[in-house]
Protein chains: 2
Amino acid sequence: MLSSKRDIDRGLEQKKTIIIVGECTVSYAGRAASKLGPGERIVIIKPDGTFLVHQPFKTPPVNYQKTGTVFTTDYDGEKITITGRNKGEVLSVSFSRIIALHVLDLRDRQRSCVVGVESHLSDALAQDLSVIEEGLRPVKREGILPKGMVDIWAEDAQGNTVLIEVKRRKAGLNAVSQLKRYVEEVRKRKGSRVRGILCAPDITAHAKRFLEKEGMEYKKIEYEVGSTTKVANSRQKQAKLEKYF
Amino acid sequence: MLSSKRDIDRGLEQKKTIIIVGECTVSYAGRAASKLGPGERIVIIKPDGTFLVHQPFKTPPVNYQKTGTVFTTDYDGEKITITGRNKGEVLSVSFSRIIALHVLDLRDRQRSCVVGVESHLSDALAQDLSVIEEGLRPVKREGILPKGMVDIWAEDAQGNTVLIEVKRRKAGLNAVSQLKRYVEEVRKRKGSRVRGILCAPDITAHAKRFLEKEGMEYKKIEYEVGSTTKVANSRQKQAKLEKYF
DNA sequence: CGGGCTAGCTGCGAG
DNA sequence: CTCGCAGTTAGCCCG
C-alpha cells in the first residue's frame, strides 16, 4: 500500500493520468452530499484535474469532480485516501485494497468531430427556408433577446416577423415555452404580427396542443446524419434535410 | 495483440469488467455521428454493457454507449476493433497498440446515498409551508397536469390556489416558463385566482422581471446540506432550511 | 464572469 | 411505452 501511495503521489505531482482499481468507500460534499459504502470501483484521475469514480455498472460516474480539482493523499497504515477539492466541493475516496494501479502519460491531441447537432440542422435550414415555407427569407441568425436567443429570425412573404425554434429531436413542452417566450417578447417590441414556428422531427401531443393554442405553428423537419447536405424541394409533402457526414 | 483479443473476448463472454488503455481511433454513428483520430485513451466495458471511451481530459467520456450494448471484436493482423451495438447505434474503437489491459470481476453491491436533491428540498418545504408564507396549507404534492407537474399544490389563507415551483439552485427563464405553464393551465380550469410562487436560493434578473410581469412571485429559500433538518421561523426575514445529512 | 442553452445528454418516475 | 423533468447536470458561447 505504501508504495502504491508513492506511485499515486508521483503521478499527481507530475500530472499523469492515474487509474486505480480497488475496494474503496466514497464520500462527497458540495452542491449535494453523498456516501457510498465499500465496493470495487475504477477511479480515474486526469492531468487536467478531472476525478472520476466508476462503479461496475451504469453510464455516468457514481461520483466525480470537474477539471481543476486539487488533490491530497493520506495513508493511515490501512487505507489510502485521495481527496479532491474543487471550488468548495470535496470528494474523498478511501482504498482498503488496490487491485490495479496505473500511472500513465497518455498522449492525445485529437478532438472529436461530431456531426448532426442542432446548430448544423439550424444552419442547413437557414440556408433554405423554403423547406419550412415558400417565401420565407432570413433576417438574422441567433436573434439575441433578454429572454434568450431565437435560432432563426426570418420574415414571411407578407412581411411578418417569423421566429423559428429548431429542435433536433422530438419537441416537448419546454421547446414550446421557449418559443413562446421569444414570440411574446418580440410581439411586445414590434407592433406587427409575429409568427412562431417550431421545427422538429416530431412533437409530443401535449406540446402540439399547447403550441397551437398559443397561435404558433409546427413544421415537421426530417433529416438524416450520414450523407451529403441536400435540402428537399419545399413542394414535397415532407420537408427533409440530409446532413453532412 | 492476438492474446489481448482473446482476453477481451473472454471478458466479454463472461461479462467481466474490462479496462483497456491504448492508442485507438473511435467512430460513432447513431443519433449523431462522430470521428476521433488516433490518440491514447481509456476504454471501459462494464458487465451491464456500458461502453465508455475517455480521453485524458474532460469529465464526460468522449464517446459512450449505454447499458445493454452488444459487443463484437475483430483482429485484422494489426488492429483490434471492438464494436458495440445498441438500439441502432454503433460505437467502434480500433486499437493499434495496447498499453494496459485488465479483465476484472469487480464486486460492488452498494448504491450511492445522495442528499440535497430537489425532492428533499421540496419535501422539507411541503412539511412547513409557513417558510414561504403564513397561512399556506398543502393540498397535494406533485400535482400532475397535462402540461407537466407542479412541485407543490397549496392554498393560501384567502383560499386561493397556490402553485409552487421549487428549484435547488438559481432559477432562470426556464423555471419561470415552467411555472407559468402550470399557473395558466390551472387558471383555465379553475375560475378562482391562482397564484404562482417560485422558490429558489436565487434568481436571474431577467427571470425575476419576467416572473413579476406575469403576476407571479419569487420567494428566496436558502438551505444547507449537511446538518439536521430545521425549518427557520417564518417571521425571520430569510426563509431558511437546513437539510438532512 | 454570469446567463441561457444544447446534449448522441442520462436516469428516474408517473401514467 | 411515452412524457416530463432533475442533474453535484457538463460544456459552450454569447454578452
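Each chain gets a letter, A, B and so on, in the order the sequences are listed, and its residues count up from 1.
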Could you state the [atom1]-[atom2] distance from [X] to [N], rounded to the nearest angstrom?
X	N	atom1	atom2	result
A:Asp151	C:dG4	CG	P	16 Å
A:Phe57	C:dC12	CZ	P	10 Å
B:His120	D:dA6	NE2	P	15 Å
A:Ile203	D:dG4	CD1	C1'	14 Å
A:His54	C:dG11	NE2	P	11 Å
A:Asn63	D:dT8	CG	P	9 Å
A:Arg168	C:dC9	CZ	C1'	10 Å
B:Arg85	C:dG8	CZ	C1'	17 Å

Report which part of the nucleic acid [X] touches: base, sugar-phosphate, or nothing (heavy-atom distance under 4.0 Å, all strands).
X	result
A:Lys167	sugar-phosphate
A:Phe51	nothing
B:Val62	nothing

Q | Pair B:Tyr28-B:Glu89, side chain to side chain donor-acceptor pair (under 3.5 Å): steps then yes or no | A | CA-CA 8 Å; B:Tyr28 158 75; B:Glu89 304 210 303; 2.8 Å; yes

Q.
For A:Ala171 and A:Gly30, find the nucleotide of DNA chain D closest to each by heavy atoms; which residue's nucleotide sits nearer the 5' end?
A.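 Nearest nucleotide further toward 5': that of A:Ala171.
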
(Q) For D:dG4, does the base pair up with any side-chain atom of A:Asn174 as donor and acceptor (N or O, under 3.5 Å, distance only)? (A)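 For A:Asn174, whose side chain was compared with the base of D:dG4, there is no donor-acceptor pair (under 3.5 Å).
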
Q) Looking only at atom P, what distance separates D:dG4 and D:dT8, rounded to whole Å? A)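 It comes out at 23 Å once rounded to the nearest Å.
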
Measuring to OP1 and OP2 of [N], would you say a side-chain N or O of [X] lies under 4.0 angstrom away?
X	N	result
A:Tyr182	C:dG4	no
B:Gln178	D:dA6	yes
A:Lys170	D:dC3	yes
A:Thr204	D:dG4	yes

Carboxylate-amine/guanidinium contact [X] [Y], below 4.0 Å:
X	Y	result
B:Lys167	B:Glu165	yes
A:Arg168	A:Glu118	no
A:Glu184	A:Lys188	no

Q | Closest nucleotide among D:dG4, D:dT8, C:dG8 to the A:His206 side chain | A |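 Nearest nucleotide to the side chain: D:dG4.
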
Q. Is the backbone N or O of A:Gln55 less than 3.5 Å from a side-chain atom of B:Lys46, with the two atoms forming a donor-acceptor pair by type?
A.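 Side chain of B:Lys46 to backbone of A:Gln55: a pair is present.
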
Q: Indicate yes or no for a side-chain donor-acceptor contact from A:Tyr218 to the backbone of A:Asp202 under 3.5 Å, with no hydrogens or angles considered.
A: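 Yes; at least one donor-acceptor contact below 3.5 Å.
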
Q. How close do A:Leu179 and A:Leu211 get, heavy atom to heavy atom, and via which atoms?
A.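 Residues A:Leu179 and A:Leu211, closest heavy atoms: CD2-CD1, 4.4 Å.
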
**Q.** Nearest atoms (heavy-atom pairs only) where A:Phe95 meets A:Cys24
**A.**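 Between these two residues, the closest heavy atoms are CD2-CB, 3.7 Å.
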
Q) Which residue, B:Ala32 or B:Ala205, contacts DNA chain C at a nucleotide closer to its 5' end, judged by nearest heavy atom? A)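 It is B:Ala205, whose closest nucleotide lies nearer the 5' terminus.
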
Q: Using a 4.0 Å heavy-atom cut-off, write out nucleotides 10-15 of chain D from 5' to 3' as B (base contacted by protein), S (sugar-phosphate only) or - (no contact).
A: SSS-SS

